[in-house]
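Sequence positions, counted from 1, serve as the residue numbers for this chain.
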Amino acid sequence: MAQFQQVSDQTVSEQTQIALLRLLLSNTRSSMTTTIFLVIVMFVALNNPMNRFYLALWALLIIGIKLFSAWYSKQQLTTTISPLSAHRIIHHAAWINGLDGIAWGALTWLTLDNTNEVGQLIVLITLCGVACSSTSALAPIIRVVSLFTWLEFAVMAAKFVAMGDPQYYPIVFAGFLYIATLMGQARNHHQSAKNAIDLGFENHTLVEKLKIESENTRLALQQAEHANRAKSQFLASASHDLRQPIHAQGLLLDALATSPLTLQQQDILAKANNALQASADMLGTLLDYSHIEAGVIAPHYRDFHLQPLLHKIENDLAAEADAKGLFFRCRNTSIAVYSDLGLLERILRNLVSNAIRYTQQGGLLIACRQRGNKVWIEVWDTGIGIAPSLQEEIFSEFYQVDNPERDRHKGFGLGLAIVRQLADALDHPLQVQSRPGRGSVFKIRLPVVRLATYDTPSYRTPVTRHLNNLRVLMIDDDAAVREAMRTLLSQWGSECQVAENVNEALALCQHFAPDIIISDYRLRANDTGAKAITAIRNRLERPIPAILITGDTGPQRIKEALASGIPLIHKPISSAKLHQLLFELVHHPPA
């Protein structure tokens with residue numbers, strides 16, 4: 001492991017050295033134009049008859065060195081620099097820049113003896129400036145900048161000493177201090193560049209790791225989304241296929257109920273209806289879940305009293321509790337709240353049904369506790385209880401406490417998942433407290449409002465009225481559903497014509513003018529009931545009232561159906577609800 005770390009560190013160091021070298025070569029190329037311009041200016045300012053020839057040679061030498069250096073740098077930058085070639089390039093760069101430093105220092109030998117004090121000052125300022133700019137440009141490689149700077153200073157200092165005038169010695173000493181300071185700055189620049197490059201490599205490594213992790217996350221997300229889509233498609237397909245025969249059975253049983261039956265036959269019919277209702281309830285749970293997944297649940301808030309809702313739930317579910325010998329009570333309350341009545345009823349129904357399902361003895365209680373301007377609706381039971389470690393998991397999809405054998409009488413395990421998501425949609429906080437073996441309490445918090453009198457909603461199905469002589473066009477690709485609907489509507493005194501697809505429906509319209517259209521949403525050949533209804537309306541040139549019926553629970557299908565603007569109901573549908581909807585659409589058609 002230590003050997004691997006050493007090799008790894010050495011590799012990073014070599015990469016940093018190569019990056020510093022490339023920075024040096026880039027700086028060399030970029031400074032070429034400035035250097036040539038400076039050399040020309042110096043020649044024009046300092047040349048005189050005594051030094052013109054040698055100064056011209058000096059200028060040509062400096063320009064030649066700079067051009068060669070720029071060409072060499074370009075050649076190296078266009079190739080891949082390996083750790084082995086990097087040492088060779090640094091060696092070459094050091095000698096080229098060392099020669100350049102000697103050439104610049106030689107300017108003092110060519111000018112100081114044959115120029116005035118102003119010229120001498122120009123030479124000194126120029127050489128100091130060249131040393132300073134070179135320090136910045138060559139700092140990425142300390143060896144190169146040191147060779148240039150010290151050789152320039154050495155040649156310049158040798159001239160001052162050779163002049164034999166003691167007044168120049170302080171200049172030599174000051175020059176030494178200046179060069180030493182520049183070297184300190186060069187080391188700082190070198191370290192800053194090195195740190196930046198090291199940080200760049202570290203960032204690059206982190207980015208590569210993040211790319212790998214991001215790709216792994218993306219793949220995992222794709223797999224999860226694929227699994228979720230497969231689950232939704234399975235639920236939608238299974239629900240649709242199950243709803244078709246159950247819907248047909250319900251229509252036929254409702255038609256049978258209007259026939260003269262013996263007591264024994266009535267008893268058998270009641271049991272068949274109970275079995276059918278149990279299946280319908282389970283499919284209704286899947287539908288609720290699909291509505292949530294589709295994002296089509298939009299709360300409709302209003303003020304209402306709680307007592308009528310709690311009384312209705314108690315009346316509807318009391319028989320289920322009595323069948324298990326459980327005590328079931330709902331405390332009276334005068335509290336009014338602000339919420340969605342329908343969604344709140346679904347939440348409380350699921351909580352009470354869940355309490356009955358997991359309670360074997362004792363009973364359950366619904367109570368309201370007001371705290372300031374909020375009220376907690378609490379559903380208590382004396383059931384099996386929930387361990388603390390499972391009190392969040394119970395709200396997961398398809399999770400059931402104490403049902404390893406997946407007993408169908410205990411549902412799908414979606415009830416509490418629906419409760420949590422509906423509570424979130426309503427922004428009503430939900431809590432659970434439980435002790436294993438002692439029971440549980442589920443609480444939901446709502447805002448309290450003031451209402452003068454009870455606003456009691458009507459929960460009962462309105463008394464049905466006759467549908468005699470109503471002309472109905474039924475479109476469904478399932479023969480059993482078509483015949484069941486024809487039978488039921490005929491018993492209501494309506495005339496019903498049935499079609500399997502859009503073309504059959506349009507053909508019927510040549511001699512049959514329907515008062516209302518009932519169509520399955522998903523038809524064969526990728527047709528939909530919405531398209532069929534539109535085609536019939538266009539053919540007859542009038543806005544015929546219509547109903548869409550679907551067994552689909554797929555989120556996308558639900559969105560598409562609702563977008564049509566046609567009333568949508570889900571299979572299986574009760575005859576009472578269908579009767580009521582037909583009557584309302586015929587006598588009070590939408591605009």
Side-chain angles (χ1 to χ4, degrees), residues 243-260 461-525 527-552 561-591:
R243 284 173 186 275
Q244 292 289 91
I246 291 176
H247 177 59
Q249 289 171 23
L251 296 176
L252 291 172
L253 288 176
D254 286 336
L256 183 61
T258 62
S259 305
T461 303
V463 177
T464 57
R465 303 172 188 177
H466 72 80
L467 298 174
N468 293 338
N469 302 318
L470 179 67
R471 298 164 65 87
V472 181
L473 176 57
M474 168 66 184
I475 309 171
D476 199 301
D477 55 14
D478 190 298
V481 173
R482 292 197 303 270
E483 291 308 311
M485 185 68 76
R486 193 208 301 264
T487 301
L488 181 63
L489 289 173
S490 297
Q491 291 194 353
W492 289 347
S494 302
E495 180 183 355
C496 180
Q497 295 290 332
V498 296
E500 182 178 0
N501 51 49
V502 181
N503 293 332
E504 284 189 14
L506 292 173
L508 283 172
C509 289
Q510 294 178 2
H511 55 80
F512 180 75
D515 299 316
I516 195 166
I517 305 168
I518 302 175
S519 178
D520 189 20
Y521 179 74
R522 187 171 71 176
L523 302 173
R524 291 173 185 166
D527 271 336
T528 67
K531 293 180 182 178
I533 291 168
T534 300
I536 295 170
R537 286 172 172 174
N538 291 338
R539 173 68 61 86
L540 298 179
E541 298 181 345
R542 59 190 177 91
I544 307 170
I547 301 172
L548 283 175
I549 302 180
T550 183
D552 259 315
L562 290 174
S564 70
I566 302 170
L568 176 70
I569 53 179
H570 290 269
K571 300 175 183 177
I573 179 173
S574 68
S575 60
K577 184 175 181 180
L578 178 62
H579 194 292
Q580 176 188 349
L581 186 56
L582 287 172
F583 184 86
E584 290 177 353
L585 284 175
V586 171
H587 292 84
H588 306 286

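- Contact annotation: the side chain of P514 approaches that of L540 to within less than 4.5 Å [non-hydrogen atoms, C-beta and beyond].
- Remark: A532 pairs with I475, V502, L523 by the side-chain contact (heavy atoms from CB on, under 4.5 Å) rule, at least two apart or across chains.
- Using a 4.5 Å heavy-atom cutoff, the side chains of W492 and L578 are in contact.
- Not a single salt bridge (Lys or Arg N to Asp or Glu O under 4.0 Å) links R539 to another residue, sequence neighbours left out.
- For residues 484-499, the pairs satisfying salt bridge (charged side-chain N to carboxylate O under 4.0 Å, His left out) are R471-E495, E483-R486, with sequence neighbours left out.
- Taking R482 as the reference, nothing meets the side-chain hydrogen bond (donor to acceptor under 3.5 Å, both in side chains) condition, with sequence neighbours excluded.
- For the atom pair CD1 (I547) and CD1 (I516), the distance works out to 4.5 Å, reported to the nearest 0.5 Å.
- P567 and A546 get closest at one heavy-atom pair: CD-O, 3.5 Å.
- Within 6.0 Å of atom CG in N469, 12 or fewer heavy atoms from other residues, nucleotides or ligands are found, so the atom counts as exposed in its surroundings.
- Across D520 and R522, no two heavy atoms sit closer than the pair OD2-O, 3.1 Å.
- Under the side-chain contact (heavy atoms from CB on, under 4.5 Å) rule, Y521 has a single partner from L548, D527, I566, which is L548.
- A 4.5 Å side-chain heavy-atom check between I536 and I544 finds at least one atom pair inside the cut-off.
- Considering CG of D515 and OG of S494, their distance stands at 9.0 Å, rounded to 0.5 Å.
- Annotation: side chain of L489 is in contact with side chain of L582 (closest heavy-atom distance under 4.5 Å).
- The two residues L473 and C509 make their nearest non-hydrogen contact at CD2-SG, 4.0 Å.
- The salt bridge (Lys or Arg N to Asp or Glu O under 4.0 Å) test applied to R542 returns no partner, not counting sequence neighbours.
- Every residue two or more places apart in sequence or in another chain that forms a side-chain contact (heavy atoms from CB on, under 4.5 Å) with N501 is listed here: N503, E504.
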